[in-house]
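Here the structure comes first, spelled out in C-alpha cells, and everything after it is commentary.
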Amino acid sequence: MPKRYWLMKCEPAAYTIDDLARDARTSWEGVRNYQARNFMRDLMQEGDGVLFYASNADPSGVTGLATIAKAGYPDPFAWKKGHKYFDTAGTRDTPAWYMVDVGFVERFPSTVSLETLKATKGLERMMVTQKGSRLSVQPVTKAEYEVVRRLGRGQVRKT
DNA sequence: GCCAACGTTGGC
DNA sequence: GCCAACGTTGGC
C-alpha cells in the first residue's frame with residue numbers, strides 16, 4: 001500500500017506533541033467514531049505521515065509531525081467495563097473499535113494555526129479547514145502534508 | 001462558557 | 001426509514 005497522510009486531533013489537556021516527544025511513541029486508543037475507525041482499521045499503515053493537531057487549544061492548529069508506528073489493531077479499552085472508553089458495541093472476539101500506535105517525528109517551533117491553514121493556498125480543500133469538521137482522524141493529501149510541513153518549519157511566509 | 005454543527009439514538 | 005431529541009466536538 002502506498003504511503004498515506006493523515007491529520008490526527010488531540011486536545012492538549014489529554015496529550016500534546018511535547019508529550020509525544022518525551023514518550024517517542026504512544027497508543028491512540030479511545031476513538032469512537034466509525035469513519036475514523038475505518039481509516040485506522042483499513043487504511044493506516046506503518047510509516048504513514050501524520051499531522052499532529054491540537055484541538056481546543058490556544059491557538060488550535062498543527063503542532064508537529066508524527067508517523068504511524070503500528071497499523072490498526074483492536075482497542076482493548078472498548079471492552080474494559082467501567083473504563084471511560086468502554087463501549088457496548090463489539091466484543092473481544094468481534095471488535096468494533098480499533099486503534100493505532102503513533103511515533104514522534106518533529107515538533108514545530110510554533111503552532112501552524114487553523115487560521116493560517118485556512119489562509120494558505122493549497123489547503124482550501126483540506127478537511128480541517130472546512131466548517132463543522134469534527135472528525136478526529138482525517139485523511140490529507142501528500143501535497144497538503146508537504147505544505148503544512150513547510151509552514152511548520154517556517155520555510156514559507158505565513159498567509 | 002457559549003453554541004453551531006454534527007453523529008447517534010430511539011420512538012413511531 | 002424518518003426525524004426529533006440528545007450528547008459531543010471544537011472554534012471562538
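Note that these values count all heavy atoms, side chains included, but never hydrogens, waters or copies made by symmetry. Labels below follow one simple rule: chain letters A, B, ... track the order of the sequence lines, proteins then strands, and each chain is numbered from 1.
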*Using only side-chain N and O atoms of S60(A), determine if any of them is under 4.0 Å from OP1 or OP2 of dG10(C).*
no

*With no hydrogens and no angle check, do the side chains of T129(A) and E124(A) hold a donor and an acceptor under 3.5 Å apart?*
no

*Between atom CG in D58(A) and atom P in dG11(C), what is the gap in whole Å?*
11 Å

*Between E115(A) (CD) and dG11(C) (P), how many Å, whole number?*
13 Å

*Determine, for nucleotides 2-9 of chain B in 5'-to-3' order, which nucleotides have protein heavy atoms under 4.0 Å from the base (write B), from only the sugar-phosphate (write S), or from neither (write -).*
---BBSS-

*Mind checking salt bridge (Lys or Arg N to Asp or Glu O under 4.0 Å) for D101(A) and listing every partner two or more places apart, or none if nothing turns up?*
R25(A)

_So, taking the atom named CE in M44(A) and the one named CH2 in W6(A), what distance separates them when rounded to the nearest 0.5 Å?_
5.0 Å

*Looking at F77(A), Y85(A), W79(A), Y34(A), which hits ring-ring contact (aromatic ring centres under 6.0 Å, His included) with W97(A)?*
Y34(A)

*Donor-acceptor under 3.5 Å (D23(A) side chain, L20(A) main chain)*: no

